Amino acid sequence: MACSSIITMEFQYNTIKEVLYRKYNRAQILISKWITMFLYSIYWIVLTYAVTFILKIIFFPKFDLGRQVAHGQTFITMLIKYVSAEFLTYWLLLSLVLLMANLFKSSAVATTVGIVGYFMVSLIAGILTSAIQSWEWVKWNPLTMLMYPEQIIQPGVGQMTKLSLNQLFAGNVIYLVIFLILGYLAFARRNV
């Protein structure tokens, strides 16, 4: 919601005119919003896992974070990999929300895309994987890239997506850049 409203509210309340009348150009305005959302997302991830660790210490003090879990890796190592992958896929989704916010006048559409995208990935994974089995080119769509964190903790997901971790990482980064560029182009052409 914050991601979609950070752009649409500027146009909805005509505050974008005041910002553009100053010395800032559209690229500076949009990049500042991207940086704000990046810092905001880091804040929430850190806060979420800090609270999780505090609750872990309170309720499960004997749980060893350094124990081996899979493939000779410790729990904390797997957690760091998972959280990093999760952050990247959040940003893939946020870049799509930012694109939608630049295309539509209401933040409702962009917010809906973000919420539905986040929760529907696990629901449509079955449909998506059967489509991938039938048509291998489907594996390169953005929804498949959102399965990156799951593939880190469940290597069997790689058989469903037919993509390696490196391919999922690259796909996330490529789609993220594409959506941000398209969002910039939409923002640059938007009437004030």
Side-chain angles (χ1 to χ4, degrees), residues 1-12 16 19-20 24-45 48 81-125 127-129 131-132 135-152 157 160-192:
M1 288 178 59
C3 205
S4 65
S5 63
I6 196 170
I7 292 172
T8 56
M9 292 287 188
E10 293 275 6
F11 289 93
Q12 206 168 358
I16 192 72
V19 176
L20 286 172
Y24 307 110
N25 62 36
R26 287 181 184 237
Q28 291 172 322
I29 294 168
L30 190 59
I31 290 170
S32 71
K33 292 182 182 303
W34 291 347
I35 292 169
T36 302
M37 289 315 305
F38 183 76
L39 295 174
Y40 188 70
S41 59
I42 287 175
Y43 167 76
W44 280 110
I45 289 257
T48 300
K81 287 180 182 180
Y82 178 79
V83 170
S84 301
E86 191 177 42
F87 185 76
L88 182 61
T89 57
Y90 284 160
W91 260 91
L92 172 62
L93 201 53
L94 290 177
S95 67
L96 181 60
V97 170
L98 285 166
L99 170 61
M100 293 296 151
N102 282 311
L103 293 175
F104 300 104
K105 293 183 179 184
S106 169
S107 64
V109 174
T111 302
T112 303
V113 167
I115 292 171
V116 169
Y118 181 74
F119 290 110
M120 292 299 289
V121 169
S122 60
L123 296 176
I124 63 167
I127 298 168
L128 190 59
T129 53
I132 290 170
W135 305 287
E136 193 161 325
W137 58 269
V138 174
K139 70 183 179 184
W140 296 107
N141 76 72
L143 292 176
T144 306
M145 301 306 147
L146 295 174
M147 291 188 215
Y148 180 40
E150 284 75 29
Q151 192 162 324
I152 286 179
V157 173
M160 295 186 313
T161 63
K162 294 188 177 183
L163 294 170
S164 68
L165 286 174
N166 290 336
Q167 289 171 323
L168 284 169
F169 174 79
N172 271 281
V173 171
I174 289 167
Y175 275 117
L176 190 146
V177 170
I178 288 170
F179 292 151
L180 288 177
I181 289 170
L182 291 174
Y184 170 75
L185 294 173
F187 186 76
R189 294 190 175 136
R190 195 165 176 177
N191 289 332
V192 178

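Please read these numbers as outputs of a predicted model, since none were measured by experiment.
Gln151 and Thr161 make their closest contact through OE1-OG1, 3.0 Å (heavy atoms, listed as atom of the first residue, atom of the second, distance). Between Lys162 and Gln167 the shortest heavy-atom distance is O-OE1, 4.1 Å. Heavy-atom minimum distance, Pro142 versus Leu92: O-CD2, 3.9 Å. Residues Thr89 and Glu86 approach most closely at OG1-O, 2.9 Å, considering heavy atoms.
Within a 6.0 Å sphere centred on OH of Tyr82, heavy atoms belonging to other residues, nucleotides or ligands number more than 12.
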Donor-acceptor contacts under 3.5 Å from residues 171-185 side chains, at least two apart:
from: Asn172; atom 1: ND2; to: Met145; atom 2: O; distance (Å): 3.0
from: Asn172; atom 1: ND2; to: Leu168; atom 2: O; distance (Å): 2.8
from: Tyr175; atom 1: OH; to: Trp140; atom 2: O; distance (Å): 2.4

Residue pair Leu128, Met147: steps toward the side-chain contact (heavy atoms from CB on, under 4.5 Å) verdict: CA-CA 11 Å; Leu128 190 59; Met147 291 188 215; 3.4 Å; yes

Criterion ring pair (Phe, Tyr, Trp, His ring centres under 6.0 Å) on Phe38 and Phe87, from CA distance to verdict: CA-CA 10 Å; Phe38 183 76; Phe87 185 76; 5.6 Å; yes

Check against side-chain contact (heavy atoms from CB on, under 4.5 Å), Ile132 and Met160: CA-CA 8 Å; Ile132 290 170; Met160 295 186 313; over 6 Å; no

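Screening residues 35-45 for side chain to side chain donor-acceptor pair (under 3.5 Å) gives Tyr40-Trp44, Ser41-Trp91 as the qualifying pairs, with residues at least two apart or on separate chains.
Here the CE-OG distance, from Met100 to Ser95, works out to 10.0 Å after rounding to the nearest 0.5 Å. To the nearest 0.5 Å, atom OH of residue Tyr90 and atom CD1 of residue Ile42 are 14.0 Å apart. Separating the CD1 atom in Ile7 from the CG atom in Leu98 is a distance of 4.5 Å, to the nearest 0.5 Å. Atom CD1 in Ile45 sits 9.0 Å away from atom OG in Ser84 (nearest 0.5 Å). Rounded to the nearest 0.5 Å, atoms CG (Leu94) and CG (Leu99) are 12.5 Å apart.
For Lys139 (side chain) and Leu163 (main-chain N/O), no donor-acceptor pair under 3.5 Å exists by modelled atom type.
By the side-chain hydrogen bond (donor to acceptor under 3.5 Å, both in side chains) test, Asn25 pairs with no residue at all, sequence neighbours left out.
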